[in-house]
Amino acid sequence: MNCRTSITTLVVGGLLGALALVFFVAPHASSSPDGLDKVAADHQLDTGKRASTVAGSPLAHYSVSGVDDSGLSKGLAGALGVAITLGIMLTATKLLTRRRSRPPAPSSAAP
Amino acid sequence: MHIPDGFIDGTTSAFGGGVAVGTVAGCLRRTRDLLDDRQVPLVGLTSAFVFAAQMLNFPVAAGTSGHLLGGVLAAVLVGPWAGALAVSVVLVVQALLFADGGLSALGLNVVNMALVGALGGYAVFAAIRALLPKTKASVVAAAGVAAALAPTMAAIVFTAEYALGGNGAASVATVAKAMIGVHLLIGVGEGAITAMTISAVMATRPDLVHGAAHIATRAPSRDDTAGVPA
């Protein structure tokens with residue numbers, strides 16, 4: 001365990017990286033349609049397309065309604081998405097591993 | 001790659017939903033039984049990171065972009081079962097809050113990106129890894145190649161769903177050709193991002209990378225050289 005990066009450091013570093021990506025890279029990401037959307041538009045796969053049921057969501061299409069600066073709006077939406085995803089996944093995984101019936105795996109430090 | 005509402009008919013979407021629910025339930029069970037306790041925070045990080053990375057569309061051809069799907073990345077980091085869950089959570093959050101991917105198509109999207117990506121992609125990863133020497137570089141290479149193929153695998157499964165219940169007028173052959181062509185290109189980006197990310201984690205904590213568990217990657221300590229089973 002001596003000088004390894006701790007799991008906390010790794011996770012905090014990874015999350016800061018994710019936040020940097022949504023704030024600084026996402027606003028400059030390509031706004032062209034993705035592969036499926038492009039194929040759909042080119043070949044009329046979208047004749048039956050309906051707007052999403054949640055198209056009126058305050059976070060719809062990765063922008064926060066009421067925030068005018070489009071880059072900031074996208075960054076904030078992304079940060080909220082990162083936080084919500086993290087929260088759900090951590091909670092679910094913790095509940096799952098707490099309910100396991102067998103004894104926990106041996107700890108990393110076991111010599 | 002997110003299917004909106006109305007592309008695929010209700011019957012096929014419901015069928016996709018059934019497959020998704022059944023398989024995700026299996027992933028929950030296996031994650032409960034198999035996940036290393038130390039990986040719990042890493043599963044959370046993986047899911048959050050995939051959400052962020054999916055926002056980064058890169059250009060692939062004139063007027064077309066692609067973004068990371070993340071199935072192989074997640075599966076190599078935390079194992080295929082927890083990896084499939086991590087991507088599924090991203091897709092649910094996107095469909096419910098961000099209007100990305102239709103609610104009726106959520107099951108199909110989970111099948112194409114989380115299940116094909118993480119479970120199918122991990123199978124490809126494991127097959128490639130078995131052909132290579134037991135080194136860190138092999139893990140990175142196998143992850144990159146499997147990830148490069150994953151968008152095309154998803155495109156093929158999408159084409160099957162279109163064949164079953166597509167509402168569009170184009171022939172299945174046309175859709176197959178167009179979808180596979182563009183997703184081969186998107187795969188280049190998927191493979192590169194996956195290899196870079198796995199490489200970064202392998203440089204920091206290789207012992208936490210599920211796909212590298214076959215290599216003895218414990219931190220070097222005094223008498224750690226002999227007798228460690230691979």
Side-chain angles (χ1 to χ4, degrees), chain A residues 1-2 4-5 7-8 10-11 14-15 17-19 21-22 25-26 29-36 38-40 42-55 57 59-62 74 77-78 81-86 88-90 92-94 96-97 99-100 102 104-105 108, chain B residues 1-7 28 31-33 35-38 40-45 47-49 51-53 55-60 63-67 82 85-86 89-90 93 96-100 102-103 158 162 166-170 174-175 178-179 182-183 186 204-205 207-208 219:
Chain A
M1 286 299 263
N2 5 359
R4 284 195 307 187
T5 311
I7 295 177
T8 312
L10 178 70
V11 170
L15 287 174
L19 291 177
L21 289 175
V22 299
V25 183
S30 170
S31 53
S32 296
D34 75 4
L36 173 60
K38 180 74 163 91
V39 171
D42 287 352
H43 300 284
Q44 290 86 47
L45 308 194
D46 50 2
T47 44
K49 182 179 174 180
R50 301 186 303 272
S52 165
T53 322
V54 298
S57 151
L59 293 174
H61 308 297
Y62 302 93
K74 195 169 196 182
V82 164
I84 293 164
T85 308
L86 176 75
I88 294 175
M89 198 70 232
L90 266 186
T93 317
K94 277 193 173 152
L96 267 183
T97 49
R99 282 186 193 175
R100 61 174 118 216
R102 63 186 183 79
S108 62
Chain B
M1 199 55 175
H2 295 61
I3 305 172
D5 287 320
F7 270 34
L28 285 168
T31 299
R32 181 195 64 198
D33 293 342
L35 188 74
D36 184 335
D37 284 335
R38 296 176 307 147
V40 169
L42 194 60
V43 176
L45 171 63
S47 198
F49 188 84
F51 181 93
M55 290 178 67
L56 312 177
N57 285 62
F58 46 84
V60 290
T64 314
S65 71
H67 61 71
L85 294 179
V89 165
V90 170
V93 169
L96 289 178
L97 296 175
F98 293 85
D100 191 10
L103 286 184
F158 170 81
Y162 179 81
N167 286 333
T174 304
V175 173
M179 282 297 286
V182 68
H183 287 91
I186 292 173
T204 328
R205 285 294 298 265
D207 59 307
L208 291 179

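Proteins come first, then strands; the chains are lettered A, B, ... in the order of their sequence lines, and each starts at number 1.
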Practice problem: Can you sort out the partners of B:L45 under side chain to side chain contact (heavy atoms under 4.5 Å, CB included), two or more places apart, ordered by chain and number? | Solution: A:V11, A:L15, B:L42
Exercise. Name the member of B:V93, B:L85, B:L56 that forms the most heavy-atom pairs with chain A at distances under 4.5 Å.
Key: B:L56
Self-check item: Closest-packed option against chain B by number of heavy-atom pairs under 4.5 Å, given A:L59, A:T47, A:T93, A:D46
Solution: A:L59
Quiz item: So, for A:R50 and B:G6, which heavy atoms are closest and what is the spacing to 0.1 Å?
Solution: NH1-CA, 3.7 Å
Quiz item: If you round to the nearest 0.5 Å, how far is CZ of B:F51 from CD1 of A:I88?
Solution: 10.5 Å
Quiz prompt | Side-chain touch A:L36/B:H2, heavy atoms, less than 4.5 angstrom | solution = no
Exercise. Answer with side chain, backbone, both or neither: which region of B:I186 has an atom nearer than 4.5 Å to a non-hydrogen atom of chain A?
Key: side chain
Quiz item: Which heavy atom of B:V40 sits nearest a heavy atom of A:K94, and at what distance?
Solution: CG1-CG, 3.7 Å
Quiz item: How close do B:S47 and A:M89 get, heavy atom to heavy atom, and via which atoms?
Solution: CB-CG, 3.5 Å
Quiz item: Can you say whether B:L96 sits under 4.5 Å from chain A via the side chain, the backbone, both, or neither, judging by heavy atoms?
Solution: backbone
Quiz item: Nearest heavy-atom pair of B:S65 and A:S32: which atoms, and what distance?
Solution: OG-O, 2.9 Å
Quiz item: Which of the residues B:G66, B:G166, B:A169, B:P41 is involved in the greatest number of heavy-atom pairs with chain A at under 4.5 angstrom?
Solution: B:P41
Quiz prompt | Selection from B:N167, B:I3, B:V90, B:D100 maximising heavy-atom pairs under 4.5 Å formed with chain A | solution = B:D100
Exercise. For B:A82, check side chain to side chain contact (heavy atoms under 4.5 Å, CB included) against everything at least two apart and list the hits.
Key: B:T31, B:L35, B:V43, B:V78
Quiz item: Do A:V54 and B:L97 have side chains that get closer than 4.5 Å, going by heavy atoms?
Solution: no
Self-check item: Heavy-atom closest contact (A:H43 atom, B:A178 atom, distance)
Solution: NE2-CB, 3.7 Å
Quiz prompt | Between CG on residue B:D36 and OG1 on residue A:T97, distance to nearest 0.5 Å | solution = 10.0 Å
Practice problem: Could you tell me which non-hydrogen atom of A:L86 sits nearest to which non-hydrogen atom of B:A48, and how far apart they are? | Solution: CB-CB, 4.0 Å
Quiz item: Of all of B:L28, B:T64, B:V182, B:V60, which one pairs up most often with chain A through heavy atoms under 4.5 Å apart?
Solution: B:T64
Self-check item: Heavy-atom check, side chain of B:M55 versus side chain of A:L21, under 4.5 Å
Solution: no
Practice problem: Give, for atom CG of A:L19 and atom CZ of B:F49, the distance between the pair rounded to the nearest 0.5 Å. | Solution: 11.0 Å
Quiz prompt | Value rounded to 0.5 Å, distance of CG in B:N57 from OG in A:S31 | solution = 8.5 Å
Quiz item: Top residue by heavy-atom pair count (under 4.5 Å) with chain B, among A:G14, A:A18, A:A83, A:P33?
Solution: A:P33
Practice problem: Report the option among A:G78, A:S52, A:S57, A:G81 that has the most heavy-atom pairs separated by less than 4.5 Å from atoms of chain B. | Solution: A:G81
Quiz item: Measuring heavy-atom distances to chain B, does A:T53 have an atom under 4.5 Å in its side chain, in its backbone, in both, or in neither?
Solution: both
Quiz item: Out of A:A55, A:A77, A:G17, which one racks up the most heavy-atom pairs below 4.5 Å with chain B?
Solution: A:A77
Quiz item: Quick one: what part of B:F58 sits under 4.5 Å from any heavy atom of chain A, side chain, backbone, both or neither?
Solution: backbone
Quiz item: Under a 4.5 Å heavy-atom cut-off, does chain B meet the side chain of A:A51, its backbone, both or neither?
Solution: backbone
Self-check item: Student check: side-chain heavy atoms of B:Y162 and A:V39 closer than 4.5 Å
Solution: no
Quiz item: Of all of A:D42, A:T8, A:L10, A:L45, which one pairs up most often with chain B through heavy atoms under 4.5 Å apart?
Solution: A:L45
